[in-house]
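Since the structure comes first, as structure tokens, the remarks are kept for the end.
Convention: sequence-line order gives letters A, B, ...; per-chain numbering from 1. Predicted model, so just to flag it, every value in this text is computed and none were measured. When reading the values below, keep in mind they use all heavy atoms of this one structure, side chains included, and skip hydrogens, waters and symmetry mates.
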2 protein chains.
Amino acid sequence: MIFSMSNFNGSKSSGSEIEQLVQLLSRLPGLGPRSARRAVLHLIKRKDGLMIPLSGALQRAVEAVVECTTCGNIDTISPCSICCDPRRMQNSMLIIVEDVGDLWALERATIGPVRYHVLGGVLSPLDGIGPQDLTIDALIRRADEFGEIVIALNATVEGQTTAYFITDRLNGMDIKITRLAHGIPVGGELDFLDEGTLSQALKARTSL
Amino acid sequence: MIFSMSNFNGSKSSGSEIEQLVQLLSRLPGLGPRSARRAVLHLIKRKDGLMIPLSGALQRAVEAVVECTTCGNIDTISPCSICCDPRRMQNSMLIIVEDVGDLWALERATIGPVRYHVLGGVLSPLDGIGPQDLTIDALIRRADEFGEIVIALNATVEGQTTAYFITDRLNGMDIKITRLAHGIPVGGELDFLDEGTLSQALKARTSL
């Protein structure tokens, strides 16, 4: 039990709704027991302005949110609004991402009318995650709709292994396969970058 | 707008439930737009295990939570379970705290069957917070029930000003007024403490 408001009277009813809310909120990433308690107090103090709207939004999201059966994106319709978008359908570029958070990040970068395929993870034998746990088969089935597939997986060992595995599976199909460029982040300082990034950035230098 | 999932089709309907949830969650203390997005993805991935229980808990808390008319604590009954506890009623100690978070912190410390009075803030002329904005009048009205009042306000300028103001108002009543001890936090290292704390800790030294 994270906290108890009833150390002395032993009544289970007192504040158990509050306690339950703290326990559930503390399971969100970035919130521990202490910040969950602060969040609950913040909510209760702003009952009309924040707590009731949040309760409603959560309820509506529970009812509305579905996973797109085509690409794995999260939306209120399936196929999702990205898969249904006529402008994106005219474009033959597909971007493979690990999860929906990466899809959102690319959308925020306003990269153009592209479509996505959410893998749902990366290959990780140590965690028991093999090809059958990802949406690789679904990717292969829809791949021939596209002229270019960009593999936008994280630059980790697992991400790169997964990229090679997918490239291998797509081999023989008439599709251009690319990956995101390595280099210096925009606004990044050389001094803080690792040697691998600097070395890749130098190799891939472009003329001014 | 914090993020848009529909840069290209212009449809407002797509994912607006998700967007709204992100915006509301990002208003919680300790969560910004980025961590709110992570939290929403986390929730959606754990729909049955976390999102639906959280939605229910929030709904129940909205309906159940009330402020105790006696002490200002937050509970599902008023007077709250602390004010109603017979063991606490036999004890004549009242602890004055700034807000409910401080009350919870003292309850976690299992300090004994005491009662509390939540001020709802501290005096802060710069922020326009005067005595009428706090529950000082209510405190004075109930003060003669108690034999000892412990002022447990933060050791800030505002906290100490408020403590002096309350002491002044309670003057003339037959009540022992005390404050929390200053000293070295348990587990604290001398090297990291400020001079004020060290000097107070030396003045208030106890014999071994």
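For chain B, the option among A:Cys80, A:Ala105, A:Ala39 with the highest count of heavy-atom pairs below 4.5 Å is A:Ala39.
Taking all atoms of both residues into account, the shortest heavy-atom contact from A:Arg27 to B:His42 is O-NE2, 3.3 Å. Contact record, B:Leu21 with A:Ala61: CD2-CB, 3.8 Å, taken as the closest heavy-atom pair.
Here the CD1-CD distance, from B:Ile74 to A:Glu17, works out to 13.0 Å after rounding to the nearest 0.5 Å. A distance of 7.5 Å separates CG of A:Leu31 from OG of B:Ser35, quoted to the nearest 0.5 Å. Taken to the nearest 0.5 Å, the CH2 atom of B:Trp104 stands 13.0 Å off from the CZ atom of A:Arg34.
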Working note: B:Arg60 + A:Gln20, criterion side chain to side chain contact (heavy atoms under 4.5 Å, CB included); need CA distance, chi angles, decisive distance, verdict. CA-CA 10 Å; B:Arg60 282 192 300 279; A:Gln20 210 180 8; 3.1 Å; yes
List, one per line, each side-chain donor-acceptor pair under 3.5 Å for residues 47-59 of chain B, sequence neighbours excluded.
residue: B:Lys47; atom: NZ; partner: A:Val62; partner atom: O; Å: 2.9
residue: B:Lys47; atom: NZ; partner: A:Val65; partner atom: O; Å: 3.3
residue: B:Ser55; atom: OG; partner: A:Gln59; partner atom: OE1; Å: 2.9
residue: B:Gln59; atom: OE1; partner: A:Ser55; partner atom: OG; Å: 2.9
residue: B:Gln59; atom: NE2; partner: B:Glu63; partner atom: OE2; Å: 3.1

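With sequence neighbours excluded, no residue forms a salt bridge (charged side-chain N to carboxylate O under 4.0 Å, His left out) with B:Arg142.
The environment of B:Gln132 atom CD is dense: over 12 non-hydrogen atoms of other residues, nucleotides or ligands sit within 6.0 angstrom.
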